[in-house]
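A short write-up of the structure that comes next.
For this chain, numbers begin at 1 and follow the sequence in order. Atom set for the values below is all heavy atoms of this structure, side chains included, hydrogens, waters and symmetry mates excluded.
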Amino acid sequence: MMISNEVYYIGVSDSNIRTFDIIMKTANGTTYNAYLIKTTDGVIILDTVKEEFSEAFFEKIEAICSYDEIKYIVMHHLEPDHSGALPMLVKKAPQAKIFISPMATSMLKSITKIDNMEFETVWTNKLLKLGDKTLKFLSTPNLHWPETMSSYLLEDKILFSGDVFGSHYYDNRIFDDLVGDFDYAFKYYYDHIMRPFKGDVLNALRLYDKLEIETIAPLHGPIMRLHTQKYLSLYKEWSQKSLKRNGKKVVSIFYVTSYKNTQEMAQKIYEGVEKHSDTLIANIYDLTALDEHNMLNILEESTGIIIGTPTINGDAPKPVWELLSCMMLLEKRGKFGASFGSFGWSGEAPEMIQQRMKSLNFRVPLLALKVKLIPTQDELELCYNFGNEFGEIVNGKMIEMTL
């Protein structure tokens, strides 16, 4: 299928897949997009497909050109769903030079298991000119792997974006103006793949802003040729959401409680944070009443996150770990974390939560606060002081982080 002057879609569909990368639901299936540019002096292949779909991929190539016409292969992203057919393509077109980002060098050799490949690393503004077509490369790391990049076809004003602007949505009509309504899939994809890398998204958008883009050709989902500015604007809007509400930073306190002891601690910590109501907004939530979507929205807007948990059978209960599992879908830079809880016997759950938050790159300035069974008035005062000090730290108080 031609998407522009001598630019072809050679991707494949995976219409029956219903779960992608373990965490994503794909009610409409997905696609593994790849592209072919035919020039007056040879052919450029942009990305490949998942290995089990190689046959259909090569059939599409063979319908357009011979393998000896292929001069270059551009790999925007080396995840297996895009590089699965690469080893066979290298064997079929051994003369082709591969272009990758500098971060992809070791991965390329691991994926292909071929030692004598000819490849070259590229970065922003480096050009590949072949015949009557010119590709400009753009460094867009961490979207969503460190080695990802984009490219821009000058003559046709096409952005080959990589995983950015993708969606897990199969429709054989391919183009955004022809397929069904895939807005939900576009947002769902952003939330689960790109949201943890908002800063990197904004860096990429600054590069894209310098280009006159008429078509966005991502690695998954519909090709966008009618509403390109809509999708660029949505990514900018979603990535620029501030960690402030009404000019104030947000501190969110989550808790699970068995006998209301951890709940009492949470309330006093909340009151301590609330002491800074001129600069902070404090919120308190019972985790057993929150679903994942609400958790994500609350976590995303929060600069400070405090988690309270009892210790049950030497561990934190499931709702606490579900909250922490949501963190993988968020950007954690600049967030502060803390933990607390009541316990009966061993009491290790707050420290477990604290260590998990540290491993997620939260700044964890305070030791976990623990109370045995029912908190006394003195212990509740400690909880109030804990919340007050955490609020001071979120507001900028310097303190040595806990080890």
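With no hydrogens or angles considered, no side-chain donor-acceptor pair links Tyr255 and Gln267 at under 3.5 Å. Of the N and O atoms on the side chains of Glu351 and Ser339, not one donor lies less than 3.5 Å from an acceptor on the other residue. Checked by atom type, the side-chain pair Glu147/His77 shows a donor-acceptor distance below 3.5 Å.
For Glu212 and Lys157, the salt-bridge test passes: some basic side-chain N is under 4.0 Å from an acidic carboxylate O. Under a 4.0 Å N-O distance rule, the pair Asp176/Lys230 does not qualify as a salt bridge. A salt bridge does not link Lys268 to Glu274: none of the charged nitrogens lies less than 4.0 Å from a carboxylate oxygen. No salt bridge links Lys133 with Glu6; every basic N to acidic carboxylate O contact stays at or beyond 4.0 Å. Comment: Glu331 does not engage Arg195 in a salt bridge, judged by the lack of any side-chain N to carboxylate O separation of less than 4.0 angstrom.
Between Ser101 and Thr121, the closest heavy-atom pair is O-CG2, 3.9 Å. Here the closest heavy-atom approach between residue Tyr208 and residue Ile213 is recorded as O-CD1, 3.8 Å. Heavy-atom minimum distance, Leu299 versus Lys335: O-NZ, 2.8 Å.
Ring centers of Phe99 and Phe137: under 6.0 Å apart, within the cut-off. A distance of 6.0 Å or more separates the ring centres of Tyr231 and Phe165. You'll find the ring centres of Phe53 and Tyr32 inside the 6.0 Å limit. Phe186 and Tyr235 have their aromatic ring centers within a separation under 6.0 angstrom.
Under the 30°/60° scheme for interplanar angles, the aromatic rings of Phe160 and His76 are found to lie parallel. Taking the six-membered ring where tryptophan is involved, the planes of Tyr190 and Trp238 are tilted, since the angle between them lies from 30° to 60°.
At least one side-chain heavy atom of Pro218 sits under 4.5 Å from a side-chain heavy atom of Met224. At a threshold of 4.5 Å between non-hydrogen side-chain atoms, the residues Leu130 and Ile44 count as touching. Considering only heavy atoms from C-beta on, Met194 comes within 4.5 Å of Asp163 through its side chain. Looking at His82 and Val49, their side chains never come closer than 4.5 Å, going by heavy atoms from C-beta outward. The shortest side-chain heavy-atom distance between Asn395 and Leu280 falls under the 4.5 Å cut-off. Side-chain contact between Val251 and Ser302 is absent, with no heavy atoms from C-beta onward closer than 4.5 Å.
When atom types are taken as modelled, the side chain of Ser83 and the backbone of Leu86 share no donor-acceptor pair closer than 3.5 angstrom. A donor-acceptor contact shorter than 3.5 Å links the side chain of Thr148 to the backbone of Leu143.
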### Task
Determine, step by step, whether Asn33 and Tyr9 satisfy the side chain to side chain contact (heavy atoms under 4.5 Å, CB included) criterion, reporting the C-alpha distance in whole Å, the side-chain angles of both residues, the deciding distance to 0.1 Å, and the verdict.
CA-CA 7 Å; Asn33 297 344; Tyr9 176 79; 2.8 Å; yes
### Message
I'd like to know whether Asp81 forms a side-chain hydrogen bond (donor to acceptor under 3.5 Å, both in side chains) with His220, so could you lay out the CA-CA distance, the side-chain angles of the two residues, the decisive distance to 0.1 Å, and finally the verdict.
### Response
CA-CA 10 Å; Asp81 52 329; His220 291 290; 3.0 Å; yes
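Atom CG of Asp291 sits in a crowded spot, with more than 12 heavy atoms from other residues, nucleotides or ligands closer than 6.0 Å.
For Lys126 and Trp123, the positive end sits near the middle of the six-membered ring, less than 6.0 Å away and at most 45° from its axis.
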